[in-house]
Amino acid sequence: MTHALEGGCLCGKVRFRTNQAPVRTLVCHCTFCQRMTGSSYYAESLFQKDAVVFNDGQMSCYAHISDGSQKKVVVHFCTHCGTTVSLTFERWPDMRAISRGCFDDPNAVEVTSHIWTQSAQTGTALPDGVECFARARMSLDGQAEISTKYTLPVMASSSSDF
Ligand SMILES: [Zn+2]
Ligand SMILES: [Zn+2]
């Protein structure tokens with residue numbers, strides 16, 4: 001079974017393609033992702049870095065130092081239209097995130113976890129049946145964190161403790 005996935009930026013100058021299924025697809029509610037997107041959260045599919053092939057559309061990048069790990073997260077965006085197409089990580093050099101909203105068919109990938117739900121914006125729904133992590137999936141020293149699977153959707157609010 002092949003998993004041809006294609007996508008690109010808003011203006012279409014940057015295009016990518018992969019024949020592999022993502023390692024995982026997740027929604028991140030961290031404050032970095034909120035600010036980076038200017039929105040409520042960032043949805044991303046993680047791939048082995050060399051599994052995604054880009055055309056020659058020009059991208060610029062911005063390296064942000066993560067508050068938590070003090071490692072760089074590099075935002076890759078179309079130089080022409082500014083769409084964030086991809087992230088790369090100093091902490092996970094073999095991985096690349098592709099913005100879910102950049103896939104031609106975002107529903108071709110399935111979200112299986114939500115992370116950093118402790119900072120989810122008020123009114124953001126956390127679905128049932130997916131792994132929800134209050135913080136990252138792993139602690140900075142590499143220990144797996146405990147997740148919660150809700151049996152009904154939950155509405156984030158600033159007074160809740162996820
Ligand atoms: Zn563009
Ligand atoms: Zn994030």
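Worth knowing before you read on, the calculation uses all heavy atoms, side chains too, and leaves out hydrogens, waters and symmetry mates. Small disclaimer: the values here were computed from a predicted structure and weren't measured. Read the numbers this way: they start at 1 and go in the same order the structure lists the ligands and their atoms.
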Do the rings of His64 and Tyr62 sit parallel, tilted or perpendicular, given the 30° and 60° boundaries?
tilted

Identify the two heavy atoms, one from Phe103 and one from Ser45, that lie closest to each other, and give their separation to 0.1 Å.
CE1-OG, 3.5 Å

Could you please spell out the steps behind the side chain to side chain donor-acceptor pair (under 3.5 Å) verdict for His29 and Thr124?
CA-CA 9 Å; His29 299 271; Thr124 300; 5.1 Å; no

To the nearest 10 degrees, could you say what angle the Zn ion (ligand 1) makes with SG of Cys81 and SG of Cys78?
110°

If you measure from the Lys or Arg side-chain nitrogens to the Asp or Glu carboxylate oxygens, is any gap between Arg17 and Glu6 under 4.0 Å?
yes

Distance check below 2.8 Å: does Cys9 bring an N, O or S atom to the Zn ion (ligand 1)?
yes

Rounded to the nearest 0.5 Å, the OG1 atom of Thr84 sits from the NE2 atom of His76 at a distance of 10.0 Å

What about the rings of Phe47 and Phe16, do their centers lie closer together than 6.0 Å?
no

Check this for me: Arg35, atom CZ, are more than 12 non-hydrogen atoms of other residues, nucleotides or ligands nearer than 6.0 Å?
no

Closer than 2.8 Å to the Zn ion (ligand 2) - protein N, O or S atoms, ordered by chain and residue number:
Cys28 SG, Cys30 SG, Cys33 SG

